[in-house]
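Whatever order the structure lists ligands and atoms in, that order sets their numbers, starting from 1.
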Amino acid sequence: VENVAIITGGAGGMGLAAAKLVGSSNQLVICDLNQEKLDKAKAQLTSLGIRCETFVCDIANSESVSALFKHSNELGPIKSVIHTAGISPQMANPKTIMRVNGIGTINITNESLKYASEGFALVNVASMAAYLFPTLLAPTRAYKRAFDNTDAFLKKATFPSYFMPTQLYRSGLAYAISKHFVIWYSKKCASVFGEKGARIVSVSPGSFDTEMGRLEEKSGSAEMLKNAALKRFGNPNEIAEILAFCASEKASYLTGVDILCDGGVVAAKV
Ligand SMILES: NC(=O)c1ccc[n+]([C@@H]2O[C@H](COP(=O)([O-])OP(=O)(O)OC[C@H]3O[C@@H](n4cnc5c(N)ncnc54)[C@H](O)[C@@H]3O)[C@@H](O)[C@H]2O)c1
């Protein structure tokens, strides 16, 4: 039996780019919000000679995520999960952002842990946004509730956003906090994954040329690129290489860390 690799948001920019790399050596399962998008992604992969299964899944819904993992496990042992599904400030209100990016990551991580065995790896996708807001605003006490009460987590982690003056700032802070949480949570979970010989890492992309990346261009990311070391958007393939590496056996000693890949945006702030 072939090893199974799951990619969430597999019909999106980074997820599909990662699928092209991971798909050649694994039984691939891509999940996304709707079948139509998944069918288009599958057609692209098929034209490259990559076979994959598609699965409609809302990462914010724990039952939906359970079903994804149950189905994937029937195909073979799940060896890696690349979790790219997420939403950005322009797309939703603070609570929805926290639900999809925060609770979504909790759901994916919990299910991953259930199926994790020796050599398994989960790669969560965070964001450089987590490095660019005043961390004094980070509600780290709320983060801890992720382990015992996700409703309390959602409420408390969203709370600081409501003090921002405009809708876009509110969603912007919720996004930064949700991704700061993804990094924190991935680190906190490293030891329980380690007990199973499994790994968990996060990757923080800067501005990448995907549908989401272009949507956020007008809310400041284009401006930040002007000062960055590399003054351009990243190509989705440039983050996919890192995601695939982190998910592979080549990275077998890499766990409990975040990898920032932003073309030097954060470095320019030093
Ligand atoms: N593009 C960038 O510049 C950038 C920068 C920093 C971080 N990120 C992060 O990288 C990840 C991938 O972003 P992308 O640029 O490929 O975005 P994208 O919008 O192109 O793709 C994301 C995919 O996730 C899917 N998705 C959204 N909500 C979902 C849900 N609830 N359940 C299942 N699937 C869902 C979408 O349908 C989409 O296909 C996201 O987590 C994003 O926050 C992106």
Residue pair Arg199, Val123: steps toward the side chain to side chain contact (heavy atoms under 4.5 Å, CB included) verdict
CA-CA 8 Å; Arg199 299 181 297 108; Val123 184; over 6 Å; no
Does Glu36, at its CD atom, have more than 12 non-hydrogen atoms belonging to other residues, nucleotides or ligands within less than 6.0 Å?
no
What are the polar N/O contacts of ligand 1 with the protein below 3.5 Å, with distances?
unit_1: ligand 1; atom_1: 1 (N); unit_2: Thr210; atom_2: OG1; d: 3.0
unit_1: ligand 1; atom_1: 1 (N); unit_2: Gly213; atom_2: N; d: 3.4
unit_1: ligand 1; atom_1: 3 (O); unit_2: Gly206; atom_2: O; d: 3.3
unit_1: ligand 1; atom_1: 3 (O); unit_2: Phe208; atom_2: N; d: 2.8
unit_1: ligand 1; atom_1: 15 (O); unit_2: Thr210; atom_2: OG1; d: 2.4
unit_1: ligand 1; atom_1: 16 (O); unit_2: Gly13; atom_2: N; d: 3.4
unit_1: ligand 1; atom_1: 16 (O); unit_2: Met14; atom_2: N; d: 2.8
unit_1: ligand 1; atom_1: 20 (O); unit_2: Gly13; atom_2: N; d: 3.0
unit_1: ligand 1; atom_1: 31 (N); unit_2: Asp58; atom_2: OD1; d: 2.8
unit_1: ligand 1; atom_1: 32 (N); unit_2: Cys57; atom_2: O; d: 3.3
unit_1: ligand 1; atom_1: 32 (N); unit_2: Ile59; atom_2: N; d: 3.1
unit_1: ligand 1; atom_1: 37 (O); unit_2: Asp32; atom_2: OD1; d: 2.5
unit_1: ligand 1; atom_1: 37 (O); unit_2: Lys37; atom_2: NZ; d: 3.4
unit_1: ligand 1; atom_1: 39 (O); unit_2: Gly12; atom_2: N; d: 3.3
unit_1: ligand 1; atom_1: 39 (O); unit_2: Asp32; atom_2: OD1; d: 3.3
unit_1: ligand 1; atom_1: 39 (O); unit_2: Asp32; atom_2: OD2; d: 2.7
unit_1: ligand 1; atom_1: 39 (O); unit_2: Lys37; atom_2: NZ; d: 2.8
unit_1: ligand 1; atom_1: 41 (O); unit_2: Thr84; atom_2: O; d: 3.0
unit_1: ligand 1; atom_1: 41 (O); unit_2: Lys179; atom_2: NZ; d: 2.9
unit_1: ligand 1; atom_1: 43 (O); unit_2: Tyr175; atom_2: OH; d: 2.8
unit_1: ligand 1; atom_1: 43 (O); unit_2: Lys179; atom_2: NZ; d: 3.2

Phe147/Phe153 aromatic ring centres below 6.0 Å
no
Does Lys196, at its NZ atom, have more than 12 non-hydrogen atoms belonging to other residues, nucleotides or ligands within less than 6.0 Å?
yes
Any side-chain heavy atom of Met128 within less than 4.5 Å of one from Ser207?
yes
What pairs of residues pass the salt bridge (charged side-chain N to carboxylate O under 4.0 Å, His left out) test when at least one of them lies in residues 46-61, not counting sequence neighbours?
Glu2-Arg51
